[in-house]
Amino acid sequence: MTATSRLALSLAFGTIASTATAGEDPWALLSGVKIDEKIDGDSYMVTKTFPAEIEKGISDFFITGYALPLTPGERVTELVLVSDMGNCPFCGGGDHTATLQVELDEPIIGLEEGTRLSLRGALEPVHDPETWQSTILRGARVVGS
């Protein structure tokens with residue numbers, strides 16, 4: 001077996017083993033966050049219930065999706081990742097699936113909206129009671145497309 005073949009095999013198997021739970025779809029895991037919005041007069045609060053795998057974060061999280069840069073420009077350092085461009089929260093109706101804000105370790109130059117990316121980083125729950133945002137991927141790096 002060549003070194004290239006060994007590397008390809010180790011990357012393929014390493015990807016599966018390093019997700020939150022072996023074999024679980026990362027998008028299904030993110031969709032498992034339950035959100036309850038409470039509005040009482042002038043008071044607003046969002047309560048989030050996280051799956052056990054996400055509650056304390058995941059230091060080595062792998063996910064593939066479609067990128068939407070958060071700010072215009074040639075050097076993209078923050079983006080939103082969606083599982084399907086048809087479910088993009090910025091591209092149409094209110095029905096959409098889980099989204100993931102991503103802070104990149106190094107900028108991506110010339111990233112086009114809708115580019116398919118595989119990323120690895122530290123997944124953190126967002127406990128802020130004033131936002132629906134439930135998770136963020138920090139220190140993310142591109143590991144494929």
Side-chain angles (χ1 to χ4, degrees), residues 6-145:
R6 279 190 217 111
L7 177 61
L9 281 172
S10 68
L11 287 174
F13 289 113
T15 294
I16 293 168
S18 65
T19 57
T21 55
E24 185 163 358
D25 173 10
W27 288 107
L29 185 61
L30 294 176
S31 293
V33 177
K34 303 295 181 218
I35 297 176
D36 183 31
E37 178 183 49
K38 294 179 182 163
I39 302 172
D40 185 17
D42 291 340
S43 175
Y44 177 80
M45 186 169 145
V46 177
T47 304
K48 302 165 200 155
T49 305
F50 297 92
E53 299 90 343
I54 295 177
E55 182 61 45
K56 294 183 179 169
I58 301 170
S59 63
D60 188 26
F61 189 73
F62 175 84
I63 191 164
T64 298
Y66 298 90
L68 303 160
L70 280 177
T71 55
E74 188 68 15
R75 296 173 55 88
V76 175
T77 57
E78 289 188 277
L79 57 93
V80 170
L81 201 67
V82 296
S83 62
D84 181 327
M85 284 303 289
N87 294 328
C88 166
F90 308 119
C91 309
D95 281 346
H96 59 82
T97 57
T99 59
L100 179 62
Q101 181 181 349
V102 176
E103 293 178 355
L104 295 162
D105 195 28
E106 295 182 16
I108 298 174
I109 308 302
L111 179 67
E112 292 185 29
E113 184 175 296
T115 299
R116 185 175 185 269
L117 295 175
S118 292
L119 301 169
R120 188 177 296 278
L123 184 73
E124 298 176 6
V126 175
H127 294 282
D128 183 347
E130 296 182 359
T131 179
W132 275 58
Q133 180 184 16
S134 60
T135 53
I136 187 166
L137 190 66
R138 296 190 194 276
R141 56 198 184 287
V142 177
V143 293
S145 54

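In this text the structure is predicted, and so the values were computed from the model without any measurement.
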Novice: What distance do S118 atom OG and R141 atom CZ have between them, rounded to the nearest 0.5 Å?
Specialist: 12.5 Å
Novice: Test of understanding: with salt bridge (charged side-chain N to carboxylate O under 4.0 Å, His left out), list the residues that count as partners of E55, not counting sequence neighbours.
Specialist: none
Novice: Could you pull out the closest heavy-atom pair between L81 and G65, with the gap in Å?
Specialist: CD1-C, 3.6 Å
Novice: Which pairs count as ring-ring contact (aromatic ring centres under 6.0 Å, His included) when at least one residue sits in residues 105-134, sequence neighbours excluded?
Specialist: F50-H127
Novice: Given 3.5 Å as the limit, does a donor-acceptor pair link the side chain of K48 with the main chain of Q133, or not?
Specialist: yes
Novice: Within the side chain of T115, is there an N or O that forms a donor-acceptor pair under 3.5 Å with the backbone of E112?
Specialist: yes
Novice: If you take all heavy atoms of A67 and L111, which pair is closest and at what distance?
Specialist: CB-CD2, 3.9 Å
Novice: Run the salt-bridge test on K34 and D36 with the 4.0 Å N-O cut-off and return the result as yes or no.
Specialist: no
Novice: Does L29 reach the side chain of E53, with side-chain heavy atoms less than 4.5 Å apart?
Specialist: yes
Novice: Should L79 and L68 count as side-chain neighbours, where that means a heavy-atom distance under 4.5 Å?
Specialist: no
Novice: Just by distance, no angles: are the side chains of E113 and Y66 close enough, under 3.5 Å, to form a donor-acceptor pair?
Specialist: no
Novice: Tell me the closest heavy-atom pair linking V76 and E78, and the distance in Å.
Specialist: CG1-O, 3.5 Å
Novice: Any chance you could measure I109, atom CD1, to E74, atom CD, to the nearest 0.5 Å?
Specialist: 6.5 Å
Novice: Taking the side chain as C-beta and beyond, is there a heavy-atom pair between V80 and L100 under 4.5 Å?
Specialist: no
Novice: With sequence neighbours left out, write down each residue that passes side-chain hydrogen bond (donor to acceptor under 3.5 Å, both in side chains) with R138, or none if nothing qualifies.
Specialist: E103, E124
